[in-house]
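Chain identifiers are assigned alphabetically (A, B, ...) following the order of the sequence lines, protein sequences preceding nucleic acid strands; residue numbering begins at 1 within each chain.
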Amino acid sequence: MPQYQAVKGTRDIFPEEAAQWKYVERVVHTFASLYGFSEIRTPVFEYTELFQRGIGSTTDIVGKEMFSFQPDPKGRSLTLRPEMTAGVMRAALQKNLLSSAPVHKLYYIGELFRKERPQAGRQRQFSQFGAELLGVSSPAAVAEVITLMMEIFDSLGLHGLKLRINSLGDTEDRLRYREALQLYFTPFHDILDEASKERLEKNPLRILDSKNPALQELIAGAPRLYDYLNDSSVQDFEKVLFYLAERNIAYDIDYRLVRGLDYYCNTAFEVTSSELGAQDAIGGGGRYDGLSRELGSSVEVPAVGFAVGMERLLMTMEKQGLFALLDSDNPLVYVVVQQQDLVDHGLQIAWRLRRAGIKTEIDLAARSMKAQMREANRISASYALFIGTMECTTGLYALKNLVTSEQTTLSLEAVLELLREQAEKEPLKS
RNA sequence: GUGAUUGUAGCUCAGUUGGUUAGAGCGCCAGGUUGUGGCCCUGGAGGCCGGGGGUUCGAGUCCCCUCAUUCACCCCA
């Protein structure tokens with residue numbers, strides 16, 4: 001066993017997998033830009049109060065999952081961000097973004113931290129990409145955000161994902177519904193588990209989320225939030241559904257979808273993958289008009305956003321074989337040096353090849369020719385360029401095509417020209 | 001935080017009712033080919049059998065503790 005290993009709930013991403021990340025990130029950047037969203041990067045830690053206020057103190061995230069620390073005994077408590085939205089909203093309010101323009105469309109890719117017990121699809125450090133649309137939360141804005149998310153999935157080739165959607169209504173709707181739920185569940189108080197008993201007081205909506213099999217029947221009989229929506233909430237929701245239908249985005253209405261974060265209102269949605277096991281939510285989001293006020297803003301900033309778990313997305317893609325066609329990042333030419341005293345000459349040639357934009361590899365460990373050829377083969381170089389006494393005296397170099405095994409003898413200029421042509425056919429990956 | 005699971009070579013795993021120097025496949029390195037890879041053949045390196053304690057003449061194997069892993073619950077991406 002190694003002396004040190006990665007901290008519980010964290011993992012290393014080695015080059016092969018890193019290529020998959022880069023691929024997905026590139027698609028995210030491309031589509032976000034296509035839909036008019038601009039990237040924002042916020043700090044990985046914030047004042048703890050930001051999350052307490054923003055996410056809600058009744059949530060599990062704030063209650064037990066935050067990595068908090070106090071760098072200065074007299075200073076304020078800080079917390080590694082457990083989600084992105086609060087930080088983005090804080091940044092927008094701090095810079096007074098909405099005074100420069102009424103609408104801002106931001107997206108991000110970043111790491112988050114939650115002190116949970118790791119399991120399949122759950123880590124203590126994980127990544128999300130997402131988008132936040134600030135300044136409007138009209139049905140068109142909600143649909144825009146959902147559409148962007150679904151288009152990214154689609155472009156990556158994902159299939160079999162399920163979009164579930166619900167309306168949580170406005171503040172008044174929820175208040176009335178909350179009372180109705182408490183009225184319904186209170187007679188069954190003794191049947192409820194501990195967590196649900198607590199939620200009955202603080203946030204009865206979350207009882208609906210429970211997976212406890214003993215409660216399923218009881219939950220099924222509970223009043224529906226949808227029946228407590230006022231006309232304008234219903235119309236708002238219907239309009240969102242209309243846009244989705246127009247864009248051929250399939251959805252299921254799930255009247256019990258409430259989602260864990262306190263700040264959501266009206267439309268809430270979640271995308272699940274059957275490929276994932278117990279933690280099957282790959283992304284989710286909704287409207288959060290109340291967040292800005294919660295963070296101390298004097299005006300309400302209507303807002304809507306989504307977040308997608310990178311690891312879960314990658315896991316699903318892997319399961320669906322979507323990385324099979326990913327181009328590998330192999331060198332075009334491997335410079336093979338015949339003997340020790342020619343190494344410096346080989347290094348000089350490798351440098352010239354690289355300056356010409358040709359991806360070149362050369363052995364830095366002074367191994368045998370056979371070892372160099374084996375290495376060239378192992379890393380799937382397309383060509384081998386031999387540096388031997390013959391080449392050095394005649395100025396003509398042996399270039400072997402490692403795929404066809406054909407070998408030709410060319411001047412260095414001809415080698416450069418030929419390889420440069422090849423390099424243009426398969427440009428360097430970023 | 002709760003429950004279960006698994007820790008033997010770089011990786012995937014064997015290891016019989018406790019019994020001598022702990023094995024295989026793949027990978028790695030070298031040689032077969034002193035200027036040429038893949039395939040094949042031969043050889044080699046590499047293990048405090050997760051750690052600690054106990055039972056026993058004897059523990060990879062049995063018992064206890066501990067650390068770690070994985071999965072699930074809670075909850076979430």
Side-chain angles (χ1 to χ4, degrees), chain A residues 1-9 11 14 55 58-65 82-85 109-130 149 193-196 198-199 203 206 209-215 257-261 269-273 276-285 305-316 334 336-339 342 363 365 367-392 397-407 409:
Chain A
M1 279 298 116
Q3 196 171 3
Y4 291 106
Q5 47 186 307
V7 173
K8 184 204 292 285
R11 58 192 292 271
F14 285 96
I55 303 172
T58 67
T59 61
D60 283 2
I61 293 178
V62 170
K64 56 182 190 184
E65 295 171 3
E83 60 102 47
M84 282 287 196
T85 304
I109 304 178
E111 290 73 45
L112 306 177
F113 307 85
R114 266 133 77 164
K115 198 165 62 190
E116 297 184 279
R117 205 64 166 256
Q119 72 184 78
R122 171 187 289 159
Q123 299 164 220
R124 289 183 161 189
Q125 178 182 332
F126 62 102
S127 302
Q128 287 183 349
F129 70 84
M149 177 179 71
D193 52 51
E194 284 311 309
S196 297
E198 206 180 319
R199 284 186 204 133
N203 194 350
R206 305 242 334 279
D209 256 347
S210 175
K211 286 181 197 161
N212 185 345
L215 298 181
L257 178 72
V258 294
R259 304 201 39 87
L261 282 58
F269 54 90
E270 186 168 291
V271 177
T272 53
S273 160
L276 283 179
Q279 308 307 320
D280 62 352
I282 195 169
F306 75 85
V308 171
M310 283 289 277
E311 286 81 359
R312 293 184 186 177
L313 176 65
L314 278 272
M315 237 184 281
T316 304
Y334 197 102
V336 177
V337 176
Q338 182 201 345
Q339 55 196 47
L342 298 176
D363 179 39
R367 289 136 90 201
S368 70
M369 245 182 119
K370 184 187 178 109
Q372 293 175 59
M373 284 301 286
R374 238 202 323 266
E375 177 72 359
N377 189 64
R378 197 177 65 75
I379 63 181
S380 299
S382 303
Y383 292 90
L385 181 66
F386 294 96
I387 312 297
T389 46
M390 191 265 283
E391 283 79 2
C392 288
Y397 290 78
L399 182 69
K400 181 172 189 175
N401 182 322
L402 291 177
V403 180
T404 64
S405 293
E406 283 165 20
Q407 190 164 321
T409 306

If pairs are Watson-Crick or G-U with both distances under 3.5 Å, what is the dot-bracket string of RNA chain B, marking crossing pairs with [ ] and pairs to another strand with |? ((((.((..((((.....[...)))).(((((.......))))).....(((((..]....))))))).))))....
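For B:U61 and B:G7, the C1' atoms lie 14 Å apart once the distance is rounded to whole Å. On the C1' atoms, B:A24 is 11 Å away from B:G15, given to the nearest whole Å. Taking atom P on both B:U56 and B:G18, the two are 16 Å apart, rounded to the nearest angstrom. B:G60 and B:G53 have their P atoms separated by 14 Å, given to the nearest Å. Taking atom P on both B:G46 and B:A22, the two are 14 Å apart, rounded to the nearest angstrom. For the C1' atoms, the distance linking B:U20 with B:C11 amounts to 30 Å, nearest Å. With both ends at atom P, the span from B:C64 to B:U6 equals 14 Å, rounded to whole Å. When the C1' atom is used for both B:A59 and B:U16, the distance is 15 Å, rounded to whole Å.
Of all the heavy atoms in A:M369 and A:F386, the pair that sits closest is CE-CD2, 3.5 Å. The two atoms that bring A:A384 and A:M373 nearest to each other are CB-SD, 4.1 Å, heavy atoms only.
Residues passing the side chain to side chain donor-acceptor pair (under 3.5 Å) test with A:R374: none are found, sequence neighbours excluded. A search for salt bridge (charged side-chain N to carboxylate O under 4.0 Å, His left out) contacts involving A:E116 returns A:R122, not counting sequence neighbours. The side-chain contact (heavy atoms from CB on, under 4.5 Å) check on A:D280 picks up A:T272, A:L276, with sequence neighbours excluded.
At a threshold of 4.5 Å between non-hydrogen side-chain atoms, the residues A:E65 and A:T59 do not count as touching. Using a 4.5 Å heavy-atom cutoff, the side chains of A:V271 and A:F306 are not in contact. Annotation: side chain of A:P118 is in contact with side chain of A:K8 (closest heavy-atom distance under 4.5 Å).
Residue A:G130 is out of contact with every strand shown, counting any heavy-atom pair closer than 4.0 Å. Counting any heavy atom pair closer than 4.0 Å across all strands shown, A:A120 reaches sugar-phosphate atoms only and no base atom. Nucleic acid contact class of A:Q123 (heavy atoms, under 4.0 Å, all strands): base. Across all strands, A:E116 comes closer than 4.0 Å to base atoms (heavy-atom distances).
A distance-only check finds a donor-acceptor pair linking the side chain of A:E311 to the backbone of A:S127 [under 3.5 Å]. Side chain of A:Q372 to backbone of A:V337: a donor-acceptor contact under 3.5 angstrom is found. A donor-acceptor contact shorter than 3.5 Å links the side chain of A:Q338 to the backbone of A:T389. Side chain of A:R11 to backbone of A:A6: no donor-acceptor contact under 3.5 angstrom is found.
In this structure, A:G309 and A:R117 both approach RNA chain B, and ranking their closest nucleotides by distance from the 5' end singles out A:R117.
B:A77 atom P lies 13 Å from atom CZ of A:F306, rounded to whole Å. Atom pair A:R122:CZ and B:A77:P shows a separation of 10 Å (rounding to whole Å applied). Rounded to an integer number of Å, the gap from A:Q372 CD to B:C28 P is 17 Å. Regarding A:I379, its CD1 atom lies at a distance of 15 Å from the P atom of B:G38, rounded to whole Å.
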What pairs of nitrogen or oxygen atoms, one from the protein and one from nucleotides 65-69 of chain B, lie under 3.5 Å apart?
unit_1	atom_1	unit_2	atom_2	d
B:U69	OP2	A:K8	NZ	3.3

What does the B/S/- profile of nucleotides 30-37 of chain B look like, 5' to 3', with a 4.0 Å heavy-atom cutoff to protein? S-B--BBB
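Atoms CG and CD, on A:L112 and A:E83 in that order, are 7.5 Å from each other to the nearest 0.5 Å.
Between B:C74 and A:Q119, no contact under 4.0 Å exists linking OP1 or OP2 to a side-chain N or O.
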